[in-house]
Structure formats: C-alpha cells, structure tokens
Amino acid sequence: MGQTRVTGSEDPRVTELRTAVSRLRRELAGHPREFPDRGIAEDELAALDAMAAGGVPEIPRLRRSLLLIAGAIGSVSALASALRDVRVAVDLFGEPPRG
C-alpha cells in the first residue's frame with residue numbers, strides 16, 4: 001500500500017534536503033556536457049533522495065554522498081550553485097557523533 005504524509009509532519013531539514021537534491025538532479029540532467037564521473041553523481045543524488053524519503057538520514061552517509069557528488073561534479077561551474085544548496089542542506093543535520 002502507498003504511504004501518505006501528513007502535511008507539516010516532515011522534518012524541515014529533510015524537506016530542504018529533498019528540495020536541494022531535486023534541483024541538482026534537474027540541473028545535472030539538463031547539463032549538456034558529459035564528464036567521466038557523471039554516473040557517480042547521479043547515483044549518489046538518487047541515494048540522497050532515497051535517504052531523505054525514508055525520514056531523517058544517517059549523517060555519516062549523507063556526508064559521504066556529498067563528498068562523492070562534490071568530487072564528481074565539483075569542476076562543473078554551471079552546477080556550483082545547486083551543489084552548494086545540497087551542501088547547505090546536508091549541514092543542517094549537523095556533525096556526525098564522535099566515537
């Protein structure tokens with residue numbers, strides 16, 4: 001059966017993350033230039049979206065995905081603003097606990 005969300009019940013950090021990830025996915029899909037690590041960026045953005053859809057994601061996994069995405073598309077200046085928004089959204093979750 002499908003799941004429905006009650007309006008206003010989603011963590012605002014999750015909403016921000018989903019919005020930022022969606023924007024970067026759209027911009028990446030519309031970017032005409034191919035580059036070697038594009039598939040990595042697309043896979044990690046899909047993973048971030050899935051984590052956000054599942055509720056509050058694990059901070060270490062969020063940060064790992066962010067690093068992989070940044071490494072994959074960091075040199076594509078046309079995507080810099082959308083990538084920054086994803087980083088800001090990930091930062092809303094704070095730092096992972098120190099072991």
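Start at 1 with the first residue, then count along the sequence. Below, each value reflects all heavy atoms present in this structure, side chains not excepted, and no hydrogens, waters or symmetry copies.
The nearest pair of heavy atoms linking Ala41 to Ile69 is O-CG1, 4.2 Å. The two residues Ala82 and Leu24 come nearest to each other via the heavy atoms CB-CD1, 3.7 Å. Taking each heavy atom of Val14 and Gly55 in turn, the nearest pair found is CG2-O, 3.6 Å.
How far CG of Asp43 is from OG of Ser65: 10.0 Å, rounded to the nearest 0.5 Å. Considering CG of Leu83 and CZ of Arg23, their distance stands at 10.0 Å, rounded to 0.5 Å. With values rounded to the nearest 0.5 angstrom, Arg87 atom CZ is found 10.0 Å from Leu92 atom CG. Rounding to the nearest 0.5 Å places CD of Glu58 at 12.0 Å from CZ of Phe93. A distance of 12.0 Å separates CD1 of Ile40 from CG of Leu45, quoted to the nearest 0.5 Å. Between the CG atom of Asp85 and the CD atom of Glu27 there is a distance of 8.5 Å, given to the nearest 0.5 Å.
Criterion: ILVMFWY side-chain heavy atoms under 4.5 Å apart, direct or through other members. Under it, Leu79 and Leu66 are part of a common hydrophobic cluster. Met51 and Val88 fall into different hydrophobic clusters, where Ile, Leu, Val, Met, Phe, Trp and Tyr residues are linked whenever their side-chain heavy atoms come under 4.5 Å apart, directly or through other members. Residues Val56 and Leu48 share a single hydrophobic cluster, defined by chaining ILVMFWY side chains whose heavy atoms lie under 4.5 Å apart. A single hydrophobic cluster is seen to contain both Val21 and Ile59, as judged by linkage of ILVMFWY side chains at heavy-atom distances under 4.5 Å, directly or through other members.
Using a 4.0 Å cut-off between charged nitrogen and carboxylate oxygen, Arg25 and Glu42 do not count as a salt-bridge pair. Using a cutoff of 4.0 Å between basic side-chain nitrogens and carboxylate oxygens, Arg61 and Glu44 are scored as salt-bridged. Salt-bridge formation is not detected for the pair Arg18/Asp11: no Lys NZ or Arg NE/NH1/NH2 atom is positioned less than 4.0 Å from an Asp or Glu carboxylate oxygen.
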- Checking salt bridge (charged side-chain N to carboxylate O under 4.0 Å, His left out) for the pair Asp91/Arg84: CA distance, chi angles, key distance, verdict? CA-CA 10 Å; Asp91 285 347; Arg84 185 195 70 242; over 6 Å; no
- With side chain to side chain contact (heavy atoms under 4.5 Å, CB included) as the test, would you mind laying out the steps for Leu62 and Leu17 before giving the verdict? CA-CA 10 Å; Leu62 280 177; Leu17 179 61; 3.6 Å; yes
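Between the side chain of Arg38 and the backbone N or O of Arg33 there is at least one donor-acceptor pair closer than 3.5 Å.
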